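Because the structure is a prediction, the values reported are computed rather than measured. Positions are given from 1 along the sequence.
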Amino acid sequence: MLPQRIAYLDLDTTNVKIKEIPEEITKKFLGGRGINIHLLYNHVTPEIDPLSPQNPLIIGPGILTGLKGIGASRCNISGKSPETGLLGDANIGGHFGAFMKRTGIDCLFITGASKKPIYIHLDNGGIRIEDAKDLWGKSTKETNTILKRRYGPSSQSISIGIAGENLVRFACIINRKKNAAGRTGLGCLMGAKKIKAIVVSGEKSIKPKDENGFHDLVKSLQEKLKKEPLVNVLSQFGSVHLFNLINQQIGMGRAYNGLSTTFPENKDISPEILKEKYYTGKAGCFSCPVACQHRYKTGEVKGEGPEYTILASFGPVVGIKNVETVLYINDLINSYGLDASSTANLIAWAIELFKKGLIDENVTNGLKLDWGDEKTIIELIHQIAHRDGFGNLLAEGAKAAVNKLGEETAKYLIWTKYLPQSDPVDLRYLPAYALGNAVASRGSDHLRSRPTWEAYGLSEDQLKAIYGGFVSANPRSCEGKGRVIWWWETYLSLFDALGLCKLIAFHCRPGLLDFQFFSELIQHSTGLNLTPEEIFEVGERIVTLERMFIVREGIRRKDDSPPQRYFESLNDLRLDREKFEQMLDEYYQLRGFDKEG
């Protein structure tokens with residue numbers, strides 16, 4: 001597995017250079033998100049425009065991606081974000097990352113731009129640029145299907161849809177039918193370079209350094225996972241099981257753009273109905289022991305998913321109450337290659353503005369926007385992808401839309417650092433979640449920290465043993481929650497660097513996937529000897545370098561704040577500004593940042 005190799009591809013000259021990653025860099029950053037931010041920080045400066053040829057597109061599977069039995073399927077795709085102008089980084093599952101490793105290329109660094117539509121083919125023999133004239137204009141599903149037929153069953157591809165071709169600022173990148181590198185608009189960056197797809201078809205065997213030690217460790221992990229109650233629920237229903245937990249039981253789901261946390265109008269959106277009526281089988285990521293992804297059929301639509309984010313975002317957040325409509329939209333936005341979170345949040349924001357009289361039909365080109373109006377919401381999705389009508393304004397992303405519609409509209413947008421909130425939850429309920437979303441390096445995002453153990457009922461002694469200092473056992477307290485986010489950000493960055501699935505981590509009790517486990521896993525897999533303490537330092541280094549990147553772009557303390565809406569009372573809950581600032585101080589101190597972050 002070592003040394004890892006980077007392929008540098010310049011589309012302006014079509015030159016390819018392949019270099020080994022020095023072991024000292026591997027020890028500092030591992031792979032995936034770690035190597036990506038190391039490259040991005042050293043190659044991208046503030047004056048580089050996100051859509052310029054100089055902005056690199058970096059594709060980096062985790063250092064362990066491609067190994068079997070541990071859910072090591074993940075791959076990070078990075079660049080300067082066309083959506084926010086800041087850090088662009090998205091993580092994708094499925095099969096692409098594992099199959100890319102089989103080509104002998106561990107990271108692909110693309111600069112320049114093609115003058116005509118192309119796709120890039122990686123195999124054992126090298127890297128080739130192919131004409132994509134016949135693929136341009138096709139959906140992601142069509143493109144990935146065509147390339148699978150063209151290169152055979154041992155190939156995988158990622159592609160953009162019409163949204164990426166049309167440079168929608170929050171276009172995403174898709175593997176198979178629904179696995180998405182969703183956030184920060186990297187499908188737009190692919191479109192700017194005229195890259196329709198990247199296909200990989202290698203035959204290199206991916207084996208751990210110590211096969212016996214690796215096998216024993218993985219076998220032990222799999223046995224332990226079988227005893228985790230929430231992991232079993234995840235396998236049965238997929239991440240949509242969170243709809244019952246978050247929206248129904250806890251009552252912290254967002255509805256109507258965050259105007260409410262209840263959605264009594266819901267008709268049939270539920271994980272049980274999805275499983276009983278629509279699921280047709282499993283569609284798990286590469287060699288995953290949990291396999292939480294499902295296939296479904298509704299009418300003529302045969303799709304995969306949906307994830308909780310789509311179920312709740314295109315359900316309660318925009319006011320749609322019918323699950324079949326949500327399933328249709330799930331397939332539609334995946335086919336177009338649109339980020340679900342940004343698309344849903346912008347539509348919900350536009351509906352609220354319309355209802356408040358801040359925009360009218362003159363602005364929306366005749367569209368009458370209302371909660372739960374399925375026909376109009378679907379029409380607006382079409383308009384965004386094709387850059388037609390009012391959709392063209394939203395297609396420029398949240399920052400540009402606010403500039404166009406006026407600063408008054410910004411307070412109704414649920415966003416941080418120009419990125420609409422990824423998780424369809426109300427952040428008033430858990431201060432640690434609010435802080436995690438606020439300081440996340442790529443914008444309002446739950447997958448940079450997501451401290452799920454806040455809801456596990458752990459004692460203060462247990463929390464101290466995990467986090468190394470005092471943390472209140474009350475999930476609604478702010479005490480010690482800066483420490484919680486410092487720890488979780490560090491912890492989860494390692495999943496991205498290793499190529500492991502964070503969904504499994506969210507559903508496991510403390511102690512199963514810990515730093516000692518990572519140390520043994522890395523040693524058996526790669527031969528690298530890193531102590532648990534050194535591995536924690538790798539995570540800190542990744543998070544800190546991402547912070548350095550966005551600070552260089554102008555981000556400061558004022559940008560590390562949740563939307564104003566969360567500081568206003570709803571259901572007798574609100575974030576306290578003074579206590580939030582105290583959490584932020586604690587977080588900065590533990591990170592080694594100054595008062596301005």
* Asn179-Glu304 side chain donor-acceptor pair, cut-off 3.5 Å -> no
* Asked: Heavy-atom count around Lys209 NZ within 6.0 Å, excluding the residue itself: above 12?
  -> no
* To do: Could you tell me whether Arg169 and Glu396 have a side-chain N and a carboxylate O separated by less than 4.0 Å?
  => yes
* For Thr103 and Asp123, test the side chains for any donor-to-acceptor distance below 3.5 angstrom and give the result as yes or no. => no
* Assess whether side-chain contact (heavy atoms from CB on, under 4.5 Å) is satisfied between Ile206 and Leu67, documenting all intermediate values. => CA-CA 6 Å; Ile206 308 298; Leu67 290 174; 4.0 Å; yes
* Are Arg448 and Asp89 close enough for a salt bridge, meaning some N to O gap below 4.0 Å? -> yes
* **Any side-chain heavy-atom pair of Tyr336 and Ile333 under 4.5 Å** => no
* Spell out, as yes or no, whether a donor-acceptor pair under 3.5 Å connects the side chain of Arg5 to the backbone of Ile105. => no
* To do: Using modelled atom types only, decide if a donor and an acceptor are shared between the side chain of Ser201 and the backbone of Tyr151 within a distance under 3.5 Å.
  => no
* Any chance the side chains of Asn175 and Gln156 put a donor and an acceptor closer than 3.5 Å? -> yes
* **Derivation of the ring pair (Phe, Tyr, Trp, His ring centres under 6.0 Å) call for Phe515 and Phe536** => CA-CA 7 Å; Phe515 297 99; Phe536 191 88; 5.3 Å; yes
* Asked: Do Glu20 and Gln4 meet the criterion of a side-chain donor-acceptor pair at a distance under 3.5 Å?
  -> no
* Can we call the ring centroids of Phe495 and Phe518 under 6.0 Å apart? -> yes
* Asked: How are the rings of His43 and Phe109 set relative to one another: parallel (under 30°), tilted (30 to 60°) or perpendicular (over 60°)?
  -> tilted
* Between Arg591 and Glu489, does at least one N-O distance fall below 4.0 Å, as a salt bridge requires? -> yes
* Asked: Looking only at atom types and distance, does a side-chain atom of Ser239 sit under 3.5 Å from a main-chain N or O of Tyr308, one as donor and one as acceptor?
  -> yes
* Rounded to the nearest 0.5 Å, what separation is found between the CG atom of Asn166 and the CD1 atom of Ile384? -> 12.0 Å
* Asked: Do the non-hydrogen side-chain atoms of Asn55 and Asp49 ever get within less than 4.5 Å of each other?
  -> no
* Using a 4.5 Å cut-off on heavy atoms from C-beta on, say whether the side chain of Thr544 contacts that of Phe593. => yes
* Asked: Which one of Lys194, Lys196, Arg387, Lys138 satisfies the side chain to side chain donor-acceptor pair (under 3.5 Å) criterion with Glu165?
  -> Lys196
* So does Glu47 have more than 12 non-hydrogen atoms from other groups sitting under 6.0 Å from CD? -> yes
* To do: Apply the side chain to side chain donor-acceptor pair (under 3.5 Å) test between Tyr119 and each candidate in Glu130, Arg150, Arg128; give the one that qualifies.
  => Arg150
* Is the backbone N or O of Leu9 less than 3.5 Å from a side-chain atom of Lys17, with the two atoms forming a donor-acceptor pair by type? -> no
* **Whether Asp210 side chain and His524 backbone form a donor-acceptor pair below 3.5 Å** => no
* Asked: When you look at CD of Gln222, are more than 12 heavy atoms from neighbouring residues, nucleotides or ligands closer to it than 6.0 Å?
  -> yes
* Going by heavy atoms in the side chains, are Ser313 and Pro424 under 4.5 Å from each other? -> yes
* To do: Could you tell me whether Lys80 and Glu553 make a salt bridge, using a distance below 4.0 angstrom between a side-chain N and a carboxylate O?
  => yes
* To do: Could you tell me whether a side-chain N or O of Asn42 sits under 3.5 Å from a main-chain N or O of His38, the two making a donor and an acceptor?
  => yes
* **Contact check, side chains of Lys204 and Lys101, non-hydrogen atoms, under 4.5 Å** => no
* Structure fact -> Output for pair (Asn36 CG, Ile58 CD1), nearest 0.5 Å, gives 5.5 Å
* Asked: Considering all heavy atoms of both residues, which atom of Tyr279 and which atom of Gly305 are nearest to each other, and what is their separation?
  -> CE2-O, 3.8 Å
* **Exercise: do Ser81 and Glu83 side chains pair donor with acceptor under 3.5 Å** => no
* What distance do Ile162 atom CD1 and Leu338 atom CG have between them, rounded to the nearest 0.5 Å? -> 10.0 Å
* To do: State plainly whether the residues Arg183 and Asp339 are in salt-bridge range, i.e. N to O under 4.0 Å.
  => yes
* Asked: NZ of Lys297: more than 12 outside heavy atoms within 6.0 angstrom?
  -> yes
* Is Asp331 salt-bridged to Lys178, cutoff N-O under 4.0 Å? -> no
* To do: Salt-bridge test for Glu546 and Arg442: reply yes if a basic N is under 4.0 Å from a carboxylate O, no otherwise.
  => no
* Asked: Between the main-chain N or O of Ser139 and the side-chain N or O of Ser335, is there a donor-acceptor pair closer than 3.5 Å?
  -> no
* Give a yes or no on this: more than 12 heavy atoms of other residues, nucleotides or ligands lie within 6.0 Å of atom NZ of Lys282. => yes
* Check: Ser525 side chain, Ile522 main-chain N or O, donor-acceptor pair, under 3.5 Å -> no
* Asked: Is a donor on one side and an acceptor on the other found under 3.5 Å between the side chain of Asp445 and the backbone of Asn437?
  -> no
* Please examine the side chains of Ile195 and Ser114, heavy atoms only from C-beta on, and report whether any two atoms are closer than 4.5 Å. => no
* Asked: Where the side chain of Thr145 meets the backbone of Lys141, is there a donor-acceptor pair that is under 3.5 Å apart?
  -> yes
* Asked: So which heavy atom on Ser422 is nearest to which on Ser341, and how close?
  -> O-OG, 3.2 Å
* Structure fact -> side chain to side chain contact (heavy atoms under 4.5 Å, CB included) with Pro56: of Thr111, Ile48, Leu189, only one passes, and it is Thr111
* Check against side-chain hydrogen bond (donor to acceptor under 3.5 Å, both in side chains), Arg176 and Asn144 -> CA-CA 6 Å; Arg176 302 192 302 172; Asn144 291 333; over 6 Å; no
* To do: Report the distance from atom CD1 of Ile158 to atom NE2 of His95, rounding to the nearest 0.5 Å.
  => 14.5 Å
* Face-on cation placement of Arg450 at Phe506 ring, 6.0 Å and 45° thresholds -> yes
* Asked: Does the distance from a Lys or Arg side-chain N to an Asp or Glu carboxylate O, for Lys116 and Asp131, drop under 4.0 Å?
  -> yes
* Asked: Do we get Lys19 above Tyr8's six-membered ring, with its NZ or CZ under 6.0 Å from the centre and within 45° of the axis?
  -> yes
* Out of curiosity, Leu380 CG to Ile347 CD1, how far, rounded to the nearest 0.5 Å? -> 4.5 Å
* Asked: Does atom CZ of Phe549 have more than 12 heavy-atom neighbours, drawn from other residues, nucleotides or ligands, at distances under 6.0 Å?
  -> yes
* Regarding Arg552 and the six-membered ring of Tyr41, is the cationic atom NZ or CZ under 6.0 Å from the ring centre and inside 45° of its axis? -> yes
* Asked: Less than 4.5 Å apart, any side-chain heavy atom of Leu122 and any of Val199?
  -> no
* To do: State, yes or no, whether a side-chain contact exists between Pro61 and Asp106 at a heavy-atom distance under 4.5 Å.
  => no
* Structure fact -> The reported gap from OG in Ser73 to CD1 in Ile70 (rounded to nearest 0.5 angstrom) is 10.0 Å
* Asked: Judged by modelled atom types alone, do Asn76 and Arg33 share a side-chain donor-acceptor pair under 3.5 Å?
  -> no
* To do: Indicate whether the side chain of Asp10 and that of Asn15 have a donor and an acceptor atom separated by less than 3.5 Å.
  => no
* Name the orientation class of the two ring planes belonging to His386 and His382 (parallel below 30°, tilted from 30 to 60°, perpendicular beyond 60°). => tilted
